[in-house]
Amino acid sequence: MPWGSACGLACPGVEGTSETVIKVILQFCKENGLTESFNALQNECQVSLNTVDSIETFVADINAGRWDVLLPQIAQLKLPRAKLENLYEQVVLEMVELRELDTARAMLRQTQVLQRLKAEDPERYARLEQLTGRTYSDLRDLYGSGSSRDKRRAALANALSTEVVMVPPSRLMSIVGQAVKW
């Protein structure tokens, strides 16, 4: 059986590519809380492990706005800049809607994603900054006419779900166990 198939990755015609090996090791690091090792290996090898335990749960968390669960998960993924900006913008808008203005301002000023947005799309950033300074915001001001929080969440869930895959847990241990049997 090709190595890629044994570890749950589709690598047609390729047996044991170094990228496949790196992804299996990255998964092991992630599952065992080895965050620094995970980050160092991912950065050094330029190989991303965009995996989630369950795509259905990932999408459901986005649709339900469980940002406290999602943001730590998202931090481990390598996602396109535009999708990250849309996600963080949504979180800020929802914080404004909930009148959690201090949290919204902190996100604007302290997250790398939104600081990059400030540099590259100052008008979009300024709109968010302005919304955090208001004492009252109409939902149309936040989400625009014809849109809503739920519609934006659904669009985000759809966009982000295309960036992640689900893999079986403990692949490295399974591979080692199979090797020992031989």
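- Between the CG atom of L77 and the CG atom of L49 there is a distance of 8.5 Å, given to the nearest 0.5 Å.
- One distance of note links CZ of R152 with CG of L93; it measures 5.0 Å at 0.5 Å rounding.
- Hydrophobic cluster membership differs between V59 and V69, with clusters built from Ile, Leu, Val, Met, Phe, Trp and Tyr side chains linked at under 4.5 angstrom.
- The side-chain heavy atoms of Q115 and Q110, taken from C-beta on, include no pair separated by under 4.5 Å.
- With rounding to the nearest 0.5 Å, the separation of CD in E85 from CG in L117 is 4.5 Å.
- No option in L41, T51, N39 other than L41 meets the side chain to side chain contact (heavy atoms under 4.5 Å, CB included) test with L26.
- Note that the CG atom of L131 and the CE atom of M95 stand 14.0 Å from one another [nearest 0.5 Å].
- What you find for L108 and Y125 is that their closest heavy atoms are O-OH, 3.3 Å.
- The main-chain N or O of L34 is never found under 3.5 Å from a side-chain atom of N32 such that the two would form a donor-acceptor pair.
- Under a 4.0 Å N-O distance rule, the pair R105/E129 does not qualify as a salt bridge.
- Within 6.0 Å of CZ in R124 there are more than 12 heavy atoms belonging to other residues, nucleotides or ligands.
- Contact record, I55 with S161: CG2-CB, 4.4 Å, taken as the closest heavy-atom pair.
- Looking only at side-chain heavy atoms (C-beta outward), V96 and R134 stay at 4.5 Å or farther from each other.
- Side chains of Y143 and E97: a donor-acceptor N/O pair is present below 3.5 angstrom, by distance only.
- Between L156 atom CG and N86 atom CG the span is 6.0 Å, to the nearest 0.5 Å.
- Exactly one of K23, K78, Q42 qualifies for a side chain to side chain contact (heavy atoms under 4.5 Å, CB included) with V47. That residue is K23.
- By the 4.5 Å heavy-atom criterion applied to side chains, T57 and D61 are counted as neighbours.
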(request) Check the pair V91 / M107 against side chain to side chain contact (heavy atoms under 4.5 Å, CB included), numbers first and verdict last. (result) CA-CA 9 Å; V91 175; M107 286 192 68; 3.4 Å; yes
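- The number of heavy atoms from other shown groups lying within 6.0 Å of NZ (K83) is above 12.
- At least one donor-acceptor pair closer than 3.5 Å links the side chain of R127 to the backbone N or O of L142.
- When all heavy atoms are compared, the tightest approach of N50 to L79 is ND2-CD2, 4.3 Å.
- Rounded to the nearest 0.5 angstrom, L71 CG and L87 CG are separated by 6.0 Å.
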(message) For I74 and F58: C-alpha separation, side-chain torsions, deciding distance, then whether side chain to side chain contact (heavy atoms under 4.5 Å, CB included) applies.
(response) CA-CA 10 Å; I74 295 289; F58 182 73; 3.9 Å; yes
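- Two residues are said to be in side-chain contact when any heavy atoms from C-beta on lie closer than 4.5 Å; E100 and D102 fail this criterion.
- At a threshold of 4.5 Å between non-hydrogen side-chain atoms, the residues R153 and D150 count as touching.
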(request) Output, in order, the C-alpha distance, side-chain angles, deciding distance and verdict of salt bridge (Lys or Arg N to Asp or Glu O under 4.0 Å) for R116 and D121. (result) CA-CA 8 Å; R116 194 170 48 237; D121 193 348; over 6 Å; no
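- Side-chain atoms of K151 come within 3.5 Å of backbone atoms of G146 as a donor-acceptor pair (strictly under, hydrogens ignored).
- Pairing each heavy atom of I62 with each of W67, the nearest pair is O-CH2, 3.9 Å.
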